[in-house]
Amino acid sequence: MSQTKQIEEKWQKKWENARIFEADPDPQKKKMLVTFPYPYMNGPLHVGHTFTATRVDAYARFKRMQGYNVLWPWSWHWTGQPLLGASERVAKGDEAYIRVLREVDGVPEAELKKFVDPLYMAQYYTNEGRSAATRIGFSIDWRREFNTVMPTYQKFIEWQYTHLKEKGYVTRGTHPVVWCPKDKSPTGDHDRQVGEGVTPEEYTLIKYKLDEKTYLPAATFRPETIYGVTNMWINPEAAYVEAKVNGENWIISQEAAEKLKEQERTVEVKRVFKGRELIGKSFENPLTKAKFPILPGWFVDPKQASGVVYSVPAHAPYDWLALKDLQEKPEVLKDFGVDVEMVKQIKPISLIAVEGFGEYPAVEIVEQMGIKDQHDPRADEATKALYKKEFHAGVLKQNCGRYAGKTVREVKDTLIRDFREIGAADSMYDLPDPVVCRCMTPCIVKILSDQWFLNYSDPAWKEKAKEAVAQMQIYPDAARQWFIAVIDWLKEWACARTTGFGTPLPWGKGWIIETLSDSTIYMSFYTINKHIRQHGIKPESLTHEIFDYVFYGKGSEVALSKTSGISVEVLRDMRAEFLYWYPFDLRVSAKELVPNHLTFCIFHHAALFPPEQWPRAIGVNGMLMIEGKQMHKSKGNFVTMKNAVERYGADATRCALLLGAEGMDDPDWRGENAADIRGKFESLHNLALGIIEKAKSDEAAHLEKWLLSKMQQRIAEVTRNLEELKTRTALEIALFEVWNDFRWYTRRKGETEAKAVQEALEVWLRLLAPFAPHICEELWSAAGKENFISLAEWPRVDEGKVDVLAEERENLLTDLIEDTLNVLRATKISPTRVCYYTANGWKWSVYRSILEKAVQGEVKVNEVMKELAKDSSLRENMKAVASFVPKVLKTLSKLPNERKARLAKVEIANEKEFIESALGFLEERFNAKVAVYGEEDQARFDPKRRAALAVPGQPAIYIE
RNA sequence: GCAGAGGUCGCCGAGCCAGGUCAAAGGCGUAGGCUUCAGGAGCCUAUCCCGUAGGGGUUCGUGGGUUCGAAUCCCACCCUCUGCACCA
């Protein structure tokens, strides 16, 4: 292909041959361990991975140039279910899927056939991934690579979990999951045909009594409303059952009975009957023992929860509407033998006081919204709105027993607990919306028992995790709040499952440690895997005691050497290497990993390592979009790392990605942008070669000083931003702002023959090297440098080259041009002659004395005048001074303090000569004759008498 | 719903934490000009509105408020994106 490709591959080869990214402990140098979460290998690396990883690489390269001993290792995640699922689809001949593999992933036909073996598939993508990562120029030490099904890695995970269990962080319990009865496995979001995002909801069942030995467990999310119950709703047409549930007599819908069987209940159905059988009977409130009637409610869905619903018309719009219906159309009751008068007597019972509503909020909201009946879709809206309002702001009234006076939000949990304790309540799970498995079977909720959990609910563990967050850097810092929120919110996490690849639980029977749980502290494994590989250490040698020694320093290496067969030296090296590199200094990922992986990583470090080995910094970035849309293989907008590099080259791909966004904003990948950047690098290449070729003059005058001074500013800016992982800003300055500096210099000077320009170029290349390493190596070498720019010293600000005067002079010139252009725009003159008049001596001295005061603080006109009046040299001019001072004050007030301070520091003497030195430039710029005069020059051309308007730093202008 | 992040001049995006330097950086796009055999690229100029002198007017999701002064601080509201669990 192109020259670009040749250059890039040439340097990649050179880096590899010189092994410059292989990092070993070096006590002389400060270490820097940067990491990227290993990608899951059921597909190729894509530009989303590339974005995050390029941020890591840019930081790594920056730190390497700063003299750090930088280690960037990389590995592959093979744990879990999807690899198996993918390979199964290939085996089954799923055409749609195979086409994606062929067309999107670019898998050759011969390989595709072998994908029936999931491990082969993983290995294929791993090999592809490694070559893509190399081809984009990531500075990785590959000697430490592994995948998560390697026996040696699994020994490490066993060690980790044995310790977690010992420390009490692993617990056992039950958990509700969405379950496919046919597959007999949990149905995750990816495995669903219908119902993405649906999760089990827990209903409280209020155990109303039908008679002494029979309960009607009514399902609700608002158990506090038990104090406002007025009746029960039963669907007369639905099938209900009388069943023995855990030894008690329950009446529930037939569907509910089936559901409860999967929720750790023994259910024995005694008889099935129509709901109408219950209508007209009465039931008892378990708290108050008061009796209420059972009424027909056709809206009751037997498929939802228990199929038994109690009615609170004061606070539930549906209940009110249904009751009103019956009261207004009593004829429907006739069939049921219900006392119509009794139904008409039913009055809502209010139990929650909420601002903005009176006695019966449900009645009011129904009237306000003009909802006619229970079939009105807005009844749902009203229910949600009222529930929200009452939950947050509602206060329980006097009739609510011991909960009176509290808000609903405050007492909800205690109330449920209390009710359960006295046997008045139970609970069940159900799905708010239907879920259908990929296999087309409708799903239910199942409570899994004997699950293993990581107990993220443990308050002491949460506390430790927060301490870890408090002592680390987070880029951007806005994400810190999020981490804290996630730590608070996380609860028990099921850490093992029964299918998929992974490490078996050391104590488990058939349990495999799940993917998000086997990837929390593996960054420490990188520090020793180099030795494991180099010395061919067998997994059986990697015992619990060996890891205890390496990571905790426990035991003697001599004894351990005997039992393990690993030499004493190697053991010592492993221990030393761990101590040298750990903890990791930076880990970067997209923000989707904040609520899981990254926070788990923090938790596990807090659990297993002392504070000195807790993470130093975490970087979080946005999720990559493709041409403004989310990237999906199925949407056909999937861009792989390999393809991007092939098409645009490594440097352009890297920079186009980094320029997309920083912080937590989502970057957008646009092919057009990448092509633009590629073009820019071509121009840069030519520009740089031109500079190198021409550099010969020793001139070091004003403009050279200006350029070098400007470069000092750029060095400071790029460095500061990179330190905070602001890769976009840093690159924007390193590429575009610096380029503009060179443009300005070239325009002003007309050529680039000074050696100073090459000096500046060498700074530029180094500032750009972390982002676009290949072209920078190429140009660095073209500039006659023998070393790699990848290892060159990061430029440091040289205070001796900061030249405020030179910069302020150029500022004066740009201001002057801007003012002139403004006048031209306003007057629409095509100028033939432009005249400038610079301020005279006394103006300069007044200006300076005001400037000095302005730097101190506020300046008052009268005070200035008083002081100036003392100056005898000004006395004859006091009238002019008096009109001049306010003008200066106005001009200065527009300047930032920093600029004022700079101006006060330098003496822009000889304003006139300076402008004269730029006459050629100005004439070309305006395509007109340009002249400069002192404002009092006798010989000046000044037909409109504008010269007197001159202010220091702002010459008067006349144009014709 | 809960949590986190956002809404800026055609687009992408700085600025907001530390209020005045902000009609608001930079890139892209668009228009005009220069250069070039041509294509491309490069360079220059313009790009909210008005203005025959360096000025003025109206803008930073919407509506209020604080302040001499707000894109920036406070309150309310609207909208967008991301995550929400056994799944990588």
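Treat the numbers as computed from the prediction; the structure is a model and nothing was measured. Each chain gets a letter, A, B and so on, in the order the sequences are listed, and its residues count up from 1.
- Considering only the side chain of A:Trp482, B:G4 comes nearest among B:A25, B:G4, B:G83.
- If you take atom P in B:U21 and the same atom in B:G57, they sit 14 Å apart, rounded to whole Å.
- Contact annotation for A:Lys944: no contact, since no heavy-atom pair falls under 4.0 Å across all strands.
- What separates CZ of A:Phe926 from C1' of B:C44 is a distance of 13 Å, to the nearest Å.
- The residue A:Pro476 sits apart from the nucleic acid: no heavy atom pair falls under 4.0 Å.
- Judged by Watson-Crick or G-U wobble contacts below 3.5 Å, the nucleotide B:G20 has B:C68 as its partner.
- Of the two residues near RNA chain B, A:Phe736 and A:Met41, the one whose nearest nucleotide lies more 5' is A:Phe736.
- Taking atom CG on A:Asp676 and atom P on B:G27, their separation rounds to 12 Å, with Å as the unit.
- With a 6.0 Å cutoff to the six-membered ring centre and a 45° limit on the axis angle, A:Arg678 does not count as a cation-pi contact of A:Tyr648.
- Distance from the side chain of A:Arg743 is smallest to B:C44 among B:C12, B:A53, B:C44.
- Without hydrogens or angle criteria, A:Tyr40 side chain to A:Leu83 main chain gives a donor-acceptor distance under 3.5 Å.
- When distances run from any side-chain atom of A:Arg670 to the nucleotides B:A41, B:A53, B:C12, the shortest one goes to B:C12.
- No close placement of the A:Phe638 and A:His632 rings is indicated, their centers lying 6.0 Å or farther apart.
- Ring-plane geometry between A:Tyr522 and A:Tyr38 is classed as parallel, the angle between the planes falling under 30 degrees on a 0 to 90 degree scale with a further cut at 60.
- Here A:Trp489 packs flat against the base of B:A85; its ring centre is closer than 5.5 angstrom to the base's six-membered ring, tilted by less than 30 degrees.
- Here the C1' atom of nucleotide B:A5 and the CD atom of A:Gln481 are 12 Å apart, to the nearest Å.
- Positionally, the nearest nucleotide of RNA chain B for A:Asp819 lies more toward the 5' end than for the other of A:Asp819 and A:Tyr456.
- One interatomic measurement links the two molecules: CG of A:Leu735 to C1' of B:G26, which rounds to 10 Å at whole-angstrom precision.
- To the nearest angstrom, C1' of B:G42 lies 10 Å from CG of A:Leu687.
- Comparing the P positions of B:G61 and B:C17 gives a spacing of 15 Å, expressed to the nearest Å.
- Annotation: B:G29 and B:A41 have their P atoms spaced 9 Å apart (nearest Å).
- Rounded to a whole Å, the OH atom of A:Tyr429 is 13 Å from the C1' atom of B:A85.
- Taking the C1' atoms as reference points, B:U8 lies 9 Å from B:G15, given to the whole Å.
- In this structure, A:Gln451 reaches neither bases nor backbone, as no heavy-atom distance under 4.0 Å exists between it and the strands shown.
- The distance from atom CD1 of A:Ile677 to atom CG of A:Leu684, rounded to the nearest 0.5 Å, is 11.5 Å.
- At the heavy-atom level, A:Arg747 lies under 4.0 Å from the strands shown only through sugar-phosphate atoms.
- Looking at the side chain of A:Lys680, the nearest of the listed nucleotides B:C28, B:A14, B:G83 is B:C28.
- Distance from the side chain of A:Ser683 is smallest to B:G42 among B:A5, B:G42, B:G26.
- Under a 4.0 Å N-O distance rule, the pair A:Asp477/A:Arg480 qualifies as a salt bridge.
- Comparing B:G55 with B:C60, their C1' atoms sit 23 Å apart, to the nearest whole Å.
- Between A:Phe600 atom CZ and B:G83 atom C1' there is a gap of 12 Å when expressed in whole angstrom units.
- Spacing of C1' atoms, B:C34 relative to B:C79, comes out at 46 Å, to the nearest Å.
- Comparing B:A71 with B:A23, their P atoms are spaced 9 Å from each other, to the whole Å.
- Pairing of B:G29, defined by two Watson-Crick or G-U wobble distances under 3.5 Å, is identified with B:U47.
- The side-chain tip of A:Arg654 does not point at the ring of A:Phe771 from less than 6.0 angstrom away and within 45° of straight on.
- The distance between atom CG of A:Leu821 and atom P of B:A23, rounded to the nearest whole Å, is 19 Å.
- Between A:Thr515 and the phosphate of B:A88, there is a side-chain N or O to OP1/OP2 separation shorter than 4.0 Å.
- With both pairing distances under 3.5 Å, B:C77 is matched to B:G61 as a Watson-Crick or G-U wobble pair.
- Residue-level contact check: A:Asp666 touches the backbone only, with heavy atoms under 4.0 Å from sugar-phosphate atoms and none from bases.
- Spacing of C1' atoms, B:C12 relative to B:A25, comes out at 14 Å, to the nearest Å.
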